[in-house]
> 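Here you go, one structure.
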Amino acid sequence: MTTTFARRSAALLACAAAFGFASSAYAQDKTVTIGVLNDMSSLYADIGGPGSVVAVKMAVEDSGLAAKGWKIEVVSGDHQNKPDVGVNIARQWIDTQKVDMITDTPNSGVALAVSNVAKEKNVVLLNNGGASADLTGKACNANTISYTYDTYMLATGTGKALTKAGGDTWFFLTADYAFGAALERDTSAVVTANGGKVLGGVKHPLNTSDFSSFLLQAQNSKAKIVGLANAGGDTTNSIKQAAEFGIVEGGQKLAALLLFINDVHSLGLKTAHGLTFTESFYWDLNDATRAWSKRFQEKTANKAMPSMTQAGNYAGVIHYLKALEALGGNPHDGAKVVAKMKEIPTDDPLFGKGPLREDGRRIIPAYLFEVKKPDESKGPWDYYKLISTISADDAAKPLKDSECPLVKK
């Protein structure tokens, strides 16, 4: 009996020692690898691309963790707007480079696919570029966060405002993949809920160069609003070609359902003025956004002001690193880190304070903007005028309506 007791005591002491060693090792593990996954070379490169890498590196620098002994590496990859390419990069990063967190992921098809990989491999996906509200809805999981905007926010802002202002008939030009489908779906719901009617729509291939047949259908529909459910180069090309067709001069109005400052810069105020759209960030909103944006501009090769997604990458990574510091080290457990991110308050100079909900959606205000006329602009990148502010609660889908399996009802 004495021998049995001694053996048990020794086993317990060994377990305690092992546990103590593991806890100590965990507390001392301060290595992190962040992967920036986006479009580096095509139609979304200006809104994410190398600028997102700059924003993430700024977040790492501003976190102050390097001075506290943390080693944080940033890698980047081009998903080419192909879900299979994005998935392959994500898997390779996780398996061979021990990437802990993937950020950006513009293109909802890529974001949805990589979200599944994040869950399977138990890493973090900090989505800032993929707009589909399904990422925090029916496709949500405990490893994915959407930090900056989604199709619900865009629809609630632009769709509601234009319908209430008399634009009660709509026709959609929609990018033919997950993002376009979600944006058309969410905007159609807002239009009909506010007394409007959807007369039809047409889907176009991603990154197409010729919108003539699609614009002709929109023109023939006689809809008051032509809703552009696309983004990046597709949006700028469709707006330029709509001008050639005389769509606005003919009495129809273009609704750019997702427009970035880089798009306006590319179009120029002469072409873009009067466009109404919704964003959650603008470089000239306040002193804090101006100061950060000017720092960002100085660090980029093209000297552009930051897009909403680039700003979101900065803010999201700042919060991610705060969560790791609060944990005392890197557990290399994505679900655990996301749970801590939801637990601690979010606060950053670009988006301010706002909870990170159980469905993974960051709750922040949105803004309805209009592009200025050329004579209204006071200088470079002075492109927006604020029409109205959409409250944080109104900008996100109510939890009571959520399809996210994480939400307790």
Side-chain angles (χ1 to χ4, degrees), residues 33-63 66 72-82 85-86 89 93 97 99 101-107 110 126-130 147-149 207 209 231-237 240 258-269 271-272 279-285 288-318 321 348-351 371 377 379-384:
T33 305
I34 297 170
V36 183
L37 183 61
N38 64 25
D39 176 351
M40 291 283 179
S41 56
S42 186
L43 77 166
Y44 300 150
D46 286 342
I47 62 178
S52 286
V53 179
V54 169
V56 169
K57 289 182 176 180
M58 288 176 68
V60 172
E61 180 184 343
D62 291 351
S63 73
I72 304 169
E73 183 182 3
V74 178
V75 299
S76 61
D78 186 348
H79 61 46
Q80 301 172 40
N81 292 299
K82 298 175 181 177
V85 173
I89 292 172
W93 276 351
Q97 294 179 260
V99 164
M101 188 268 275
I102 296 170
T103 190
D104 208 1
T105 59
N107 186 305
V110 176
L126 180 59
N127 169 56
N128 285 294
Y147 216 78
T148 313
Y149 75 109
N207 203 19
S209 59
D234 282 338
T235 301
T236 55
N237 283 334
K240 288 174 184 176
L258 179 55
L259 193 71
F260 294 92
I261 193 165
N262 319 78
D263 302 326
V264 176
H265 186 72
S266 173
L267 288 165
L269 295 184
T271 301
E279 288 202 55
S280 60
F281 174 83
Y282 177 46
W283 74 269
D284 202 18
L285 273 176
T289 58
R290 282 188 285 273
W292 183 84
S293 297
K294 286 174 181 176
R295 283 179 54 212
F296 172 91
Q297 185 183 37
E298 289 167 2
K299 292 175 181 287
T300 57
N302 61 0
K303 303 303 176 189
M305 281 297 179
S307 71
M308 171 171 58
T309 57
Q310 290 161 344
N313 281 307
Y314 173 87
V317 172
I318 283 284
L321 295 175
D348 62 77
L350 307 187
F351 298 88
V371 179
S377 177
W381 299 95
D382 178 27
Y383 296 155
Y384 295 1

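Nothing here was measured: the structure is a model prediction, and the numbers come from that model.
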> Run the side chain to side chain donor-acceptor pair (under 3.5 Å) test against Arg295 and tell me which residues pass, sequence neighbours left out.
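Counting only residues at least two positions away or on another chain, Arg295 forms a side chain to side chain donor-acceptor pair (under 3.5 Å) with Asp62.
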> Taking atom CG of Asp284 and atom CE of Met305, what is their separation to the nearest 0.5 Å?
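Asp284 atom CG to Met305 atom CE measures 8.0 Å (nearest 0.5 Å).
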> I'd like to know if the side chain of Glu73 and the backbone of Thr33 have a donor-acceptor N/O pair within less than 3.5 Å.
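Judged by distance alone, no pair lies under 3.5 Å.
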> Is the backbone N or O of Trp381 less than 3.5 Å from a side-chain atom of Trp283, with the two atoms forming a donor-acceptor pair by type?
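Confirmed, Trp283 side chain pairs with Trp381 backbone.
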> So, do Phe260 and His265 sit near enough that their side-chain heavy atoms are less than 4.5 Å apart?
no
> Under a plain distance cut-off of 3.5 Å, with no hydrogens placed, do Ser41 and Asp78 share a side-chain donor-acceptor pair?
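Yes.
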> Okay, side chain of Gln80, backbone of Asn38: is any donor-acceptor separation there less than 3.5 Å?
no
> Going from CD1 on Ile261 to OG on Ser307, what distance comes out if it is rounded to the nearest 0.5 angstrom?
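Ile261 CD1 to Ser307 OG: 9.0 Å, rounded to 0.5 Å.
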> Is there a side-chain contact between Thr300 and Pro50 (heavy atoms, below 4.5 Å)?
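A side-chain contact is absent here, since even the closest heavy-atom pair is not under 4.5 Å.
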> By ring-ring contact (aromatic ring centres under 6.0 Å, His included), which residues pair with Tyr147, not counting sequence neighbours?
none
> Holding to ring-ring contact (aromatic ring centres under 6.0 Å, His included), I want the full list of residues that pass it with Phe351, two or more places apart in sequence or in another chain.
Phe281
> List the residues meeting side chain to side chain donor-acceptor pair (under 3.5 Å) with Asn313, not counting sequence neighbours, and say none if there are none.
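Asn313 satisfies side chain to side chain donor-acceptor pair (under 3.5 Å) with Ser52, Thr103, Asp104, Asn128 once adjacent residues are dropped.
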> Of all residues at least two apart in sequence or in a different chain, which pass the side-chain contact (heavy atoms from CB on, under 4.5 Å) check with Ala231?
Tyr44, Phe179, Thr235, Leu258
> Between CE of Met101 and CD1 of Ile34, what distance do you get to the nearest 0.5 Å?
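Rounded to the nearest 0.5 Å, the CE-CD1 separation comes to 4.5 Å.
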> Side chain of Ser293, backbone of Pro306: donor and acceptor closer than 3.5 Å?
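Between the backbone of Pro306 and the side chain of Ser293 there is no qualifying donor-acceptor contact (under 3.5 Å).
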> Could you check whether any side-chain N or O of Tyr149 sits under 3.5 Å from a backbone N or O of Gly312, counting only pairs where one atom can act as donor and the other as acceptor?
no
> Suppose we screen for side chain to side chain donor-acceptor pair (under 3.5 Å). Which residues come up paired with Ser266, at least two apart in sequence or across chains?
none
> Test Val36 against Val75 for side chain to side chain contact (heavy atoms under 4.5 Å, CB included), laying out the working first.
CA-CA 6 Å; Val36 183; Val75 299; over 6 Å; no
> With rounding to the nearest 0.5 Å, note down the distance linking CG in Asp39 to CG in Asn81.
4.5 Å
> Output all residues satisfying salt bridge (Lys or Arg N to Asp or Glu O under 4.0 Å) with Asp348, sequence neighbours left out; order by chain, then residue number.
Arg362
> Evaluate the side-chain proximity of Ser76 to Leu37: yes if any heavy-atom separation is below 4.5 Å, no if none is.
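Leu37 does not reach Ser76 side chain to side chain.
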> Could I get the full list of side-chain contact (heavy atoms from CB on, under 4.5 Å) partners for Glu61, not counting sequence neighbours?
Lys299
> Would you find more than 12 non-hydrogen atoms of other residues, nucleotides or ligands less than 6.0 Å from Lys57 atom NZ?
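Atom NZ in Lys57 is not packed in, count stays at 12 or less.
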> How about Ile102 and Leu126: do any of their side-chain heavy atoms sit closer than 4.5 Å?
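They are not in contact (no side-chain heavy atoms under 4.5 Å apart), so the answer is no.
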> Taking only residues two or more places apart in sequence, or in another chain, which ones meet Ala59 in a side-chain contact (heavy atoms from CB on, under 4.5 Å)?
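By the side-chain contact (heavy atoms from CB on, under 4.5 Å) rule, Ala59 matches Tyr314, Val317, Ile318.
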> Identify, with sequence neighbours excluded, every residue that meets side chain to side chain donor-acceptor pair (under 3.5 Å) alongside Tyr282.
none
> With no hydrogens and no angle check, is any side-chain donor or acceptor of Gln310 less than 3.5 Å from a backbone partner on Gly48?
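Yes: the side chain of Gln310 pairs with the backbone of Gly48.
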> Listed by chain and number, what are the side-chain contact (heavy atoms from CB on, under 4.5 Å) partners of Ala291, not counting sequence neighbours?
none
> Got a second to check how far Lys240's NZ is from Thr271's OG1, nearest 0.5 Å?
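Here the interatomic distance stands at 8.0 Å.
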> Can you tell me if Asn237 uses its side chain to pair, donor with acceptor, with the backbone of Gly233 under 3.5 Å?
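Yes, the answer is positive, given that a donor and an acceptor are paired below the 3.5 Å cut-off.
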